[in-house]
Amino acid sequence: MRYLVSVIDDKSNPGSTDRQPAISAFNERLIAEGYWVFAGGLADTDTATVIDNRGEQAVFSDGPFVESKEYLAGVWVWEAPDLDVALKLAAEASKVCDRKIEVRPFQ
Amino acid sequence: MNDVDVREAVTWAHHEEWARVVAALTRRFGDLDIAEEAAAEAFATAVERWPADGVPPNPGAWLTTTATRKAIDRIRRENKRDDKHKEAQMVYDDDPPEPVGAIDDDRLRLIFTCCHPALAMQTRLALTLRMVGGLTVPEIARAYLVQETAMERRITRAKAKIKAARIPYRVPSVEDLPARVSSVLAVLFLVFNEGYLATGPDTDPVRHDLTAEAIRLTRLIRALLPEDGEVAGLLALMLLIEARSTARVSASGELVPLDEQDRGSWDAALIAEGHRLVRERLAAAAAGVAPGRYQILAAINAVHTSARDIRDTDWSQVLALYNQLVRLDPSPVIALNRAIAVAELDGPEVALAAVDRLEDKLSGYHPYHATRADLLRRLGQSQQSRAAYDKAIQLAGNTAETAYLTRRRDQLR
């Protein structure tokens with residue numbers, strides 16, 4: 001079962017910025033234990049562009065599709081046998097990243 | 001066999017076998033929704049067939065077999081639309097059973113799945129009452145004073161999440177077991193409390209359907225996890241509270257506080273069973289097993305139910321137990337209840353000082369105001385007492401409690 005694991009940061013109360021070494025070590029473990037599928041940190045939401053081409057021509061808008069205090073700071077994709085395994089890893093991930101984590105299954 | 005006997009046999013089978021049938025089918029088909037629907041169909045078939053055919057010698061086996069056939073029928077029907085391959089897998093399941101966790105019983109897997117921490121508390125309650133307790137959706141909706149459609153949606157959504165997110169159908173590993181058991185016990189205690197302290201202007205003050213169901217399910221967990229001290233503690237606690245429930249509401253529907261209850265009308269059998277469980281846990285504590293909060297709460301209730309008269313209550317024992325509980329759970333509600341014991345030992349003035357310190361945290365909690373009102377009344381501070389009763393009446397949701405508080409307020413001089 002694949003899970004999208006989102007790292008959620010909070011603009012008004014951001015997590016600490018020195019987490020990269022711990023995250024790298026955690027990633028090594030995810031790879032070694034066979035859970036790792038993909039991981040990536042995201043640039044600031046200000047760098048996002050939204051494209052809507054459902055009408056006659058594509059419309060580009062500068063910025064994220066929804067402005068909110070909380071935003072997606074990075075993602076993992078994990079392969080885990082069930083939600084209990086994913087939640088246990090996510091609990092560790094939250095400590096490692098010093099941020100909230102959302103776990104959501106792929107269809 | 002006459003109709004009454006058959007009806008009783010169906011009711012008995014429903015109580016004894018519902019969870020077993022749902023649990024066995026969930027394991028076999030890996031789908032709560034299929035298991036629930038097939039179990040309901042099997043019981044409906046029993047209601048139809050047993051009066052004519054007679055009650056089968058092994059009702060549980062009959063129900064499981066019937067439900068399994070219903071489930072296979074449904075899967076065949078659905079698979080005609082989509083996946084033929086899946087059908088073969090579902091119907092000819094020769095896979096060896098999954099490796100088991102600490103304890104092997106399908107009903108335990110079912111309970112742990114329904115009380116999974118990834119589900120909201122209200123969802124856990126509803127799902128447990130439906131899947132393990134066998135209550136119908138309308139019954140659960142009535143119990144929680146919500147619309148049937150809303151309750152149906154909540155349960156449907158929960159089943160969909162369990163499936164989509166793959167919440168496992170498994171007894172947790174030994175290391176996770178204590179935390180997961182406390183999640184199950186919290187669900188059962190909430191069911192019990194909603195029965196015991198029923199809220200709402202049109203509800204009976206005590207909902208025996210809910211308290212009885214909570215006790216029945218806790219007995220089941222107790223049978224499945226006989227070594228767990230907190231399970232024993234919660235069962236004892238429920239029994240000792242339930243034993244007093246008829247004495248707790250007067251004929252006119254007013255709450256009767258502990259010191260005014262007719263102790264002769266307490267249920268002696270429930271008290272004896274509760275005391276047996278408490279003694280069992282005291283022996284374990286003496287052997288060095290630290291008791292959890294339910295065991296301590298049960299012990300406090302055992303002290304109360306041991307006194308033949310309120311004046312015989314061993315308040316110093318009650319206070320010692322509360323002191324132990326405060327160390328384990330420093331919540332303001334526990335501190336409030338501790339203050340009631342303090343009032344008996346050190347007087348209402350000392351207790352009031354302790355209660356007043358809780359104002360920040362408990363100002364929206366009606367027992368805080370009711371306790372203050374009572375202490376102020378005992379200190380002769382009628383005006384302040386009246387204000388506290390007003391506040392308590394305004395916040396209380398239980399009809400018997402409101403009636404009692406109103407009378408007490410109106411008796412103030």
Side-chain angles (χ1 to χ4, degrees), chain A residues 1-10 13 15 22 25-27 29-40 42 66 68-107, chain B residues 26-33 78 82-83 86 89 95-103 106 108-121 123-124 127 131 156-184:
Chain A
M1 181 98 209
R2 282 200 175 173
Y3 295 92
L4 176 69
V5 179
S6 306
V7 181
I8 302 154
D9 207 351
D10 186 332
N13 183 24
F26 183 62
N27 275 330
R29 234 194 72 208
L30 290 174
I31 293 166
E33 292 174 10
Y35 300 120
W36 196 90
V37 177
F38 175 83
L42 295 171
V66 56
S68 65
K69 205 161 70 66
E70 292 188 317
Y71 67 99
L72 190 62
V75 294
W76 271 289
V77 177
W78 292 342
E79 178 71 46
D82 60 48
L83 188 67
D84 278 0
V85 176
L87 291 182
K88 199 163 244 182
L89 291 169
E92 281 182 60
S94 173
K95 277 248 182 326
V96 167
C97 300
D98 189 29
R99 278 157 182 86
K100 282 204 291 194
I101 302 284
E102 180 193 271
V103 177
R104 192 167 158 192
F106 280 91
Q107 262 185 349
Chain B
T26 305
R27 174 132 79 108
R28 165 132 193 212
F29 298 103
D31 190 312
L32 263 180
D33 196 37
E78 282 178 2
D82 45 64
D83 190 359
K86 214 161 85 191
Q89 202 187 357
D95 290 348
E98 287 169 52
V100 294
I103 307 100
D106 280 341
L108 261 189
R109 298 164 194 257
L110 185 63
I111 290 163
F112 282 113
T113 302
C114 292
C115 296
H116 196 276
L119 301 169
M121 194 44 123
T123 304
R124 292 183 218 170
L127 210 55
M131 299 297 169
T156 304
R157 190 191 152 270
K159 287 186 291 193
K161 176 165 179 180
I162 288 169
K163 197 173 176 181
R166 203 178 284 184
I167 288 180
Y169 190 58
R170 186 172 59 210
V171 172
S173 62
V174 176
E175 59 172 303
D176 293 337
L177 201 56
R180 295 289 303 277
V181 169
S182 40
S183 168
V184 171

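Naming: A, B, ... by sequence-line order, numbering from 1 per chain. Every value quoted in this text rests on a predicted model; they were computed, and no experiment measured them.
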Checklist outcome for this item: Looking only at heavy atoms, the pair that brings A/P105 and B/A165 closest together is CG-CA, 3.5 Å

Checklist entry - Rounded to the nearest 0.5 Å, how far apart are CG of A/D82 and CZ of B/R170? => result 4.0 Å

Item to check | Shortest non-hydrogen contact between A/L83 and B/H116, atoms and distance | outcome: CD2-CE1, 4.2 Å

Checklist entry - Among residues 86-102 of chain A, which residues come closer than 4.5 Å to chain B, judged by heavy atom distances? => result A/L87, A/K88

